[in-house]
Amino acid sequence: MKLKKISITLALITAVILIIWGWSYQISTTIKASLAWEIYDNSLYLSGLLSIALMSVTMMLATRPVWLEKPFNGLDQIYRLHKWAGILAVMFALSHWLIEMGDDLVKALFGRAGRLPEQDFSGFTHMMRDAAEGVGEWGVYLLFAMLILTLWKRFPYNLWHYVHRAMPLIYLSLAFHAVWLAPLVWWQQPVGWLMGILLVGGSFASLLSIKGLIGKSRRVQGSITSISTSAMGITEVKCQLERTWTGHRAGQFAFVTFEPSEGAHPFTIASADHGNGQISFQIKGLGDYTRQLGYRLTIGHPVTVEGPYGQFNFKQRRHNAAQVWIAGGVGVTPFLAWLEALQNQPENSLEAEMHYSTHDRATDPFIERLQEACNHLNGIKLQIHDSSQGRKLTAEQLLTLHPKEKAMEVWFCGPSSWGNALEKELREKSQGVLWFQQEAFELR
């Protein structure tokens, strides 16, 4: 899901919330305050509603709902939506907090007159509302800190992983805040019913996360059978999983846990499914942990694999469209699985043009494997692009090879900045239908 599609999805969610809030506002029989206080109160409540609603959506998306993979085109795309919904929720939470802090300013400018009297709560209710106010304020502070750590890519993943596990608790505290401080009249209106549904969904998702139940039904235990590291810093790990592994489709990925203290990482499965529980991963050393995998892991080491997930497959969308596969570096892993699957199932053969970009052809361990696989598949035309020799793949080259008027289906897995640039150029220069699928593994 591209950022544009994510923006549209979030805009639709926000629009639904605004429509239901507006509907409830219109049917409300509450006596209205003066204009200044009316704007202030509704801004306060609306910002809070948008924040907790989007936060609820964020928590529900974090449960890895497999049934949403097809409409959203893969779990990796669902996680991108999860990330941006969370960011937007924090922005509304900050707005809510700033508006609350502006109470004295409104009083100074317009006076207390014209504001509706606050309901008189006493006893247990008064105590709970006071507690909800304090919890909500600290919840906003923690949310903002969480956002900073998530966007700060240099913050170690393993530490972020543990910090992020506090998110369900933060959500539940803010849900407590929302329940006790929402206007009482809301619970008799559509806006309250909507908020109630979202709070129940978000709270249930939070409890699943706290208990470690997210993805539990898809977890399989296994052990490492082989480890090897190439000169490019890529570690190949082969695993034997238990019989409960249901198999996978070429191009899918899984969450892999080698060490519980590090947590699960998403890795593309680099082998086709043979029905025997044997799978392999090609892991690029991008961080402190992955760079040390070749030294930290041993044969026989236990492993937990959760999955499979993903919709990255080579099924043609249009019968007459040109199939173009583009891989960069370790992004070649789903294509290796595809090629192996095609070799095992020649009846599924198809015609495709594969472009593989490497920094140094002489030391790249994938070149030989790609050439050998493509030599046995007449329909796959392989082209190697060595950037050290100035042979970087460009959109212009692709359009030279294919008529601009012809439909093109592009499957891309590699550096996101390169993929975004390629797609942008292709859309600007191509005159035909373009379908561009890009794998994205960004959990933060």
Side-chain angles (χ1 to χ4, degrees), residues 2 74 76 229-236 250-251 253 266-271 280-287 290-291 310 312-314 321-342 350-375 377 379-402 404 408-430 434-442:
K2 299 299 180 185
D76 57 319
T229 302
S230 71
M232 291 180 62
I234 296 173
T235 302
E236 181 180 44
F253 70 94
F267 297 123
T268 299
I269 302 172
S271 55
S280 67
F281 302 96
Q282 299 283 345
I283 303 171
K284 175 72 172 178
L286 298 175
T290 50
R291 277 195 292 267
F312 198 74
N313 58 69
F314 49 75
Q323 279 265 319
V324 180
W325 302 352
I326 304 174
V330 76
V332 74
T333 49
F335 300 101
L336 290 174
W338 288 6
L339 294 172
E340 186 178 335
L342 287 174
L350 76 165
E351 292 187 359
E353 183 180 286
M354 180 167 184
H355 298 266
Y356 177 59
S357 180
T358 177
H359 290 300
D360 187 357
R361 180 170 185 158
T363 60
D364 195 313
F366 296 123
I367 301 293
E368 186 176 350
R369 291 183 60 178
L370 286 171
Q371 290 175 332
E372 183 179 353
C374 292
N375 285 339
L377 297 169
I380 309 298
K381 308 302 180 184
L382 175 65
Q383 294 191 36
I384 307 297
H385 303 268
D386 190 341
S387 59
S388 67
Q389 299 178 10
R391 297 177 181 174
K392 186 176 180 180
L393 178 65
T394 64
E396 197 65 44
Q397 289 177 332
L398 291 174
L399 294 174
T400 300
L401 295 169
H402 301 280
K404 293 184 178 181
M408 184 187 302
E409 294 180 0
V410 178
W411 296 87
F412 178 93
C413 190
S416 57
S417 57
W418 180 38
N420 294 336
L422 270 179
E423 181 181 9
K424 181 180 179 181
E425 289 185 50
L426 286 173
R427 293 199 182 282
E428 289 175 350
K429 298 177 181 179
S430 176
L434 174 66
W435 190 87
F436 196 102
Q437 172 68 7
Q438 181 176 351
E439 193 79 314
F441 288 126
E442 295 183 5

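Everything numeric here is computed off the predicted structure, so don't read it as measured data. Scope of the values below: all heavy atoms of this structure, side chains included, with no hydrogens, waters or symmetry mates.
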Looking at Glu372, I'd like to know if its CD atom is crowded, meaning that more than 12 non-hydrogen atoms belonging to other residues, nucleotides or ligands lie closer than 6.0 Å. no
Audit row: Trp325, Gln323, side chain to side chain donor-acceptor pair (under 3.5 Å) steps and yes/no: CA-CA 7 Å; Trp325 302 352; Gln323 279 265 319; 3.0 Å; yes
In this structure, CD1 of Ile384 is separated from SG of Cys374 (nearest 0.5 Å) by 8.0 Å
So, taking the atom named CE in Met354 and the one named CG in Leu377, what distance separates them when rounded to the nearest 0.5 Å? 11.0 Å
Interatomic distance, Ile380 atom CD1 to Trp338 atom CH2 [nearest 0.5 angstrom]: 9.5 Å
Could you state the interatomic distance from CD1 (Ile367) to CG (Asp360), rounded to the nearest 0.5 Å? 9.5 Å
Is it true that a side-chain atom of Asp364 and a backbone atom of Thr358 form a donor plus acceptor pair closer than 3.5 Å? no
For Glu428, I'd like to know if atom CD has over 12 heavy atoms of other residues, nucleotides or ligands within 6.0 Å. yes
Side chain to side chain contact (heavy atoms under 4.5 Å, CB included) between Gln438 and Leu422, intermediate numbers included: CA-CA 11 Å; Gln438 181 176 351; Leu422 270 179; over 6 Å; no
Hey, is the main chain of Gln282 close enough, under 3.5 Å, to the side chain of Thr333 for a donor-acceptor pair? no
So, Gln437 versus Trp435: side-chain donor-acceptor pair below 3.5 Å or not? no
For Met408 and Leu399, work out which heavy atoms get closest and say how close. CE-CD2, 4.3 Å
So CG of Leu434 and NZ of Lys429: to nearest 0.5 Å the spacing works out to 13.5 Å
Supply the atom-to-atom distance Glu425 CD to Glu396 CD, rounded to the nearest 0.5 angstrom. 8.0 Å
So for atom CD, which belongs to Gln397, do other residues, nucleotides or ligands contribute more than 12 heavy atoms lying within a distance under 6.0 Å? yes
Before we go on, tell me: are the rings of Phe412 and Trp418 under 6.0 Å apart, centre to centre? yes
If I compare all heavy atoms of Phe312 with all of Cys413, which pair ends up nearest, and what's the gap? CZ-CB, 4.2 Å
